[in-house]
There are 2 protein chains.
Amino acid sequence: MDRAVGDLTARARIRDAAIGLFGERGIEGASIRDIAAAAGVSSGLVRHHFGSKEALREACDQYAKERMLQIGAELSAEAGVSGLDPVALHPVAFPLQLYLVRSMMDGSETATALFLQGVDAVEEWSAGYGIKPKDPRGYAAALAAIKLSVFILRDQVSKAIGEDITTPAGYNRIGQALMEVFTIPLLTPEQVEKLNQQEK
Amino acid sequence: MDRAVGDLTARARIRDAAIGLFGERGIEGASIRDIAAAAGVSSGLVRHHFGSKEALREACDQYAKERMLQIGAELSAEAGVSGLDPVALHPVAFPLQLYLVRSMMDGSETATALFLQGVDAVEEWSAGYGIKPKDPRGYAAALAAIKLSVFILRDQVSKAIGEDITTPAGYNRIGQALMEVFTIPLLTPEQVEKLNQQEK
DNA sequence: GACTTGACTACACGATCGTGTAGTAGTTTG
DNA sequence: CAAACTACTACACGATCGTGTAGTCAAGTC
């Protein structure tokens, strides 16, 4: 029988279902039986292919990481994009990003390593861009965290602006708003100096 | 017997233990037995005082919300602070903030309402501050989310900068870095315009 | 054609979960 | 003093969890 496009193997379906459910409900919140049901297989098959829940999670980590890097490479190849990469907004990358953040929050080393890699990238980019923060590393870490913030709080942000940011329209809107955060100086250097003195 | 300062009632100890464990491990990750053990009581007493896990969570939501607003009011009374409020950095507020974010991510209405309240505050403040974004609501939502991002990813950010941001020193450092994000314009309005045209 | 191998299911296991029940000790109330 | 109430513990319950075991079935191998 021919395999139609999107007609994945059971192993791939399990992995995709796991990434989806883990990302939505967290690692603890999604049971192997839930994942098996979502993939349309028995729970035993999950164990057969991945051995344990922890191993399944590591496989998801690895796959999500590779796909994210792959998508990022594709996007930066087809257009010279700026440091505020649009990877996170890519339709395929979206569930991957959700999963990685959840996994990261639950202590995944792979996901954390990917974050650190992102911080490195931001740091290099900002240096090449001519930005000279007093603390380049801290600056890059803050920017990297900010890039994920809207993702993590997607439900709350959606509710706040009255528009689902997981749709292209809402996504665009919050993307624009984020750009304005980076465009409008909220504080002048003088104000920062003043605040620093208050703290002492 | 006199009650020493900090010698809380069992009910308060349970609530505080729940906020701590829920915040660290997530709602699903912390069992009633864990919470009871952390509070030094039997698991039955948790049920006696709060009825159910869901009710315990709602009590934690309510308490955390009230305490956060209370701390915020105290801080803004003792010093006219700017819109980038230092509430989140207050030592007492820290575990409360951790809890609220977790609860929010797990779908708490109370925590989400507090977030929306924060967006309102940011929007009002930025308007009074003379900031004129094209999308004031989206801008405020993005800023509110950013304020929480460093919190949520505290472990990863700490690892990235090689310093624990839950300590005063590390906290100060990442706070400064965040201020620089708001001080240094990353994109000029012309660049934003250019990016918008690319998307179409 | 017998044998092996891998994909897959069905089912049972111990542990842990939230919850329910029964009962004790101490204080308050009439 | 007795009754009632509150704080609290011990323990048992059904459900669900991750995991383990046994076995089916089809495809490939010699």
Side-chain angles (χ1 to χ4, degrees), chain A residues 1-4 6-63 99 102-103 105-110, chain B residues 1-4 6-63 99 102-103 105-108:
Chain A
M1 209 197 293
D2 283 349
R3 193 150 75 203
D7 185 8
L8 301 169
T9 65
R11 192 176 202 279
R13 287 206 315 277
I14 293 170
R15 187 234 300 131
D16 288 352
I19 289 177
L21 289 180
F22 281 155
E24 280 177 25
R25 310 179 193 171
I27 311 295
E28 304 250 15
S31 72
I32 288 187
R33 286 170 176 84
D34 289 341
I35 293 167
V41 299
S42 71
S43 66
L45 190 61
V46 176
R47 178 169 172 76
H48 172 69
H49 278 303
F50 296 95
S52 72
K53 191 177 185 179
E54 184 56 30
L56 169 61
R57 183 188 144 157
E58 280 169 18
C60 289
D61 276 350
Q62 206 57 40
Y63 176 79
Y99 166 75
R102 273 285 194 175
S103 187
M105 288 182 64
D106 278 347
S108 157
E109 305 237 342
T110 304
Chain B
M1 208 195 298
D2 285 348
R3 194 149 74 204
D7 185 8
L8 300 170
T9 65
R11 192 176 202 279
R13 287 207 316 277
I14 293 170
R15 187 232 300 129
D16 288 352
I19 288 177
L21 289 180
F22 282 155
E24 280 176 25
R25 310 180 194 171
I27 311 295
E28 304 250 15
S31 72
I32 288 187
R33 285 170 176 83
D34 288 340
I35 293 166
V41 299
S42 70
S43 66
L45 191 60
V46 177
R47 178 169 172 75
H48 172 70
H49 278 302
F50 296 95
S52 72
K53 190 176 186 180
E54 183 58 29
L56 169 60
R57 184 189 145 157
E58 281 170 19
C60 290
D61 276 351
Q62 206 57 39
Y63 176 79
Y99 166 75
R102 273 283 194 177
S103 187
M105 289 183 64
D106 278 347
S108 158

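None of these values were measured; they are calculated from a predicted model. Numbered from 1 within each chain, the chains take letters A, B, ... in sequence-line order. These values consider heavy atoms only, across backbone and side chains, with no hydrogens, waters or symmetry-generated copies.
Taking the centre and axis of the six-membered ring of A:F50, the NZ or CZ atom of A:R57 falls outside the cone set by 45° and 6.0 Å.
The side-chain heavy atoms of A:E58 and A:T110, taken from C-beta on, include no pair separated by under 4.5 Å.
Remark: B:H49 is in phosphate contact with D:dC8, judged by side-chain N or O atoms under 4.0 Å from OP1 or OP2. Look at A:H48 and you won't find any side-chain N or O under 4.0 angstrom from OP1 or OP2 of C:dC8.
Atom CG of B:L21 and atom P of C:dC17 are 12 Å apart (whole Å). At whole-Å resolution of the value, CZ in A:R13 and C1' in C:dC8 are 11 Å apart. Atom-to-atom, CD1 of A:I32 to C1' of D:dC17 comes out at 9 Å; the value is rounded to the nearest Å. If you measure from atom CZ of A:F50 to atom P of D:dT19, you get 14 Å, rounded to the nearest angstrom.
Counting non-hydrogen atoms of neighbouring residues, nucleotides and ligands closer than 6.0 angstrom, the CD atom of A:E109 reaches no more than 12 such neighbours.
When atom types are taken as modelled, the side chain of A:R13 and the backbone of A:A39 share a donor-acceptor pair closer than 3.5 angstrom.
Within residues 22-31 of chain A, no residue has any heavy atom under 4.0 Å from DNA chain C. The stretch residues 33-44 of chain B comes close to DNA chain C through B:R33, each having a heavy atom under 4.0 Å from the strand.
Shortest non-hydrogen contact noted between A:I14 and A:I35 is O-CG2, 3.8 Å. For B:R25 against B:D34, the heavy-atom pair with the smallest separation is NH1-OD2, 3.1 Å. The shortest non-hydrogen separation linking A:M105 to B:R102 is O-NH2, 3.7 Å.
Between the OH atom in A:Y99 and the CD1 atom in A:I27 there is a gap of 5.0 Å [rounded to 0.5 Å].
Within the nucleic acid shown, A:L45 comes within 4.0 Å of at least one base atom, counting heavy atoms only.
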